[in-house]
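Worksheet: one structure, shown below.
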Amino acid sequence: MELIELRELRPEPRPGRGRLERTNALRISPARRPGPGAHPDPRLTAAPGTGHRFEPRRRGLHTWCDLCGDFVWGGGRKSLQCRHCSFTCHYRCRALVRLDCSGPPGAGDEDDGTEQALEKDTNVDEPSEWEKAELDQAQVEQRIKEYNSQINSNLFMSLNKDGSYTGFIKVQLKLVRPVSVPATKRVPSVQAGRPGPRAQGVKRRTSFYLPKGTVKHLHIFSHTRASEVIDALLRKFTVIDNPRKFALFERSEKDEQVYLRKLADEEQPLRLRLLAGPSEKVLSFVLKENETGEVNWDAFTLPELHNFLRILQREEEEHVRQLRHRYARCRQKMQEALATRTPG
């Protein structure tokens, strides 16, 4: 099992975002390394991808293209989405898709299909009451002792002198859509400990589907935020997609139902882990696509926002032009009908 450790370094240029460094913190057991025959996703071919059933995208208005990685502005008129694998792209990128369809979600995986059925219509927005609890220093120390006494591994939590604490969280990656890595880089192995031979590069970006059931452990601080956890996971796999394409969810089981709640960027996963205890049924973490249809515009740079405003203005002008043209044609038809008729 491979762990990812997060350490704070100097701040990034963007305010409010801490810079993180990823290291291999600890190996509980040796990880298998890819052999000489390691190769990219076999569904990535030189020919156009097959099996996709693209339709105008309906869920949400804004997303990122799985092919070029650019932000997709607007809804169905701007993007397509495969009915089976949810591959999403611009209309203009459709002909360039080389990745074959992975099939409908849950195909050939009964457990995943059962999980999808349990999760249906059980999303919640607000944290539970126990998640809102505020602990003083003595309570934190007591909770850490109780937590460590309940686990059957050496993934303990540790209290620091400054009052913060460190520990481990496990994140399951349940991504339906493909992810992209830099051009000329081979697809990273889920269990890779060191780089293997480089595969033949492709132009710009290489897309692949992460294997189902991918799990990663992270060693984090009590003040590590959900957004920083997402950044660390993407760096682990050298994923270059925009972090806003993804969201970290908390998952809990109760009364044979599965509840999912999207974590806000500022929430602290290790604090939630401490409050919930080590039980995975009470609380676990899942990385999924951010399909809420919401966009945090504060996350974009000023040039990006100015560009979006220009796009918005062009689309508004085009919409007004088409609307005026439609009304003008209707008015013309009415006037022609009037001209052919005589009074009385």
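All values below come from the heavy atoms of this structure, side chains included, with hydrogens, waters and symmetry mates left out.
Here the options are C65, C101, C82, the test is side chain to side chain contact (heavy atoms under 4.5 Å, CB included), and the partner is F87; only C82 passes. With Q322 as reference, E318 is the one residue of H325, R326, E318 to meet the side-chain hydrogen bond (donor to acceptor under 3.5 Å, both in side chains) rule. For the salt bridge (charged side-chain N to carboxylate O under 4.0 Å, His left out) with E267, the qualifying choice from R225, R261, K262 is R261, the only one to do so. Screening N290, T88, D66 for a side-chain hydrogen bond (donor to acceptor under 3.5 Å, both in side chains) with K245, the sole residue that qualifies is D66. Residue V171 forms a side chain to side chain contact (heavy atoms under 4.5 Å, CB included) with just one option from V215, L218, V286, and that option is L218.
In this structure, F246 CZ and I230 CD1 are separated by 9.0 Å, a value rounded to the nearest 0.5 Å. For the atom pair OG of S79 and CZ of R92, the computed distance is 11.0 Å after rounding to the nearest 0.5 Å. Between atom CZ of residue F237 and atom CG of residue L173 there is a gap of 5.5 Å, rounded to the nearest 0.5 Å. Atom NZ of residue K170 and atom NZ of residue K216 lie 13.0 Å apart, to the nearest 0.5 angstrom.
For the pair S222 (side chain) and Y165 (backbone), a donor-acceptor distance under 3.5 Å is present. Between the E55 side chain and the R83 main chain, no donor and acceptor come within less than 3.5 Å of each other.
Heavy-atom contacts from other residues, nucleotides or ligands closer than 6.0 Å to CD of E316 number 12 or fewer. For E336, the CD atom is densely surrounded, since the number of other residues' heavy atoms within 6.0 Å is greater than 12.
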- Derivation of the side-chain contact (heavy atoms from CB on, under 4.5 Å) call for L283 and L275: CA-CA 10 Å; L283 177 72; L275 291 173; over 6 Å; no

- Do S153 and F168 pass the side-chain contact (heavy atoms from CB on, under 4.5 Å) test, and can you show the C-alpha distance, the side-chain angles, and the key distance before you say yes or no? CA-CA 11 Å; S153 65; F168 300 86; over 6 Å; no

- Query: Hey, mind stepping through F71 and R244 against side-chain contact (heavy atoms from CB on, under 4.5 Å) and telling me if it holds?
  - Reply: CA-CA 10 Å; F71 188 69; R244 294 291 167 180; over 6 Å; no

- Message: Evaluate C68 against H90 for side-chain contact (heavy atoms from CB on, under 4.5 Å), listing each step before the verdict.
- Response: CA-CA 9 Å; C68 70; H90 296 94; 3.5 Å; yes

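For the pair M157/L270, a side-chain contact is recorded, criterion being any heavy-atom separation below 4.5 Å from C-beta on.
Across all their heavy atoms, P269 and V229 have their closest contact at CG-CG2, 4.0 Å. A pairwise comparison of heavy atoms in D241 and L234 identifies O-CD1, 4.1 Å as the closest pair.
Side chains of E146 and Q142: a donor-acceptor N/O pair is present below 3.5 angstrom, by distance only.
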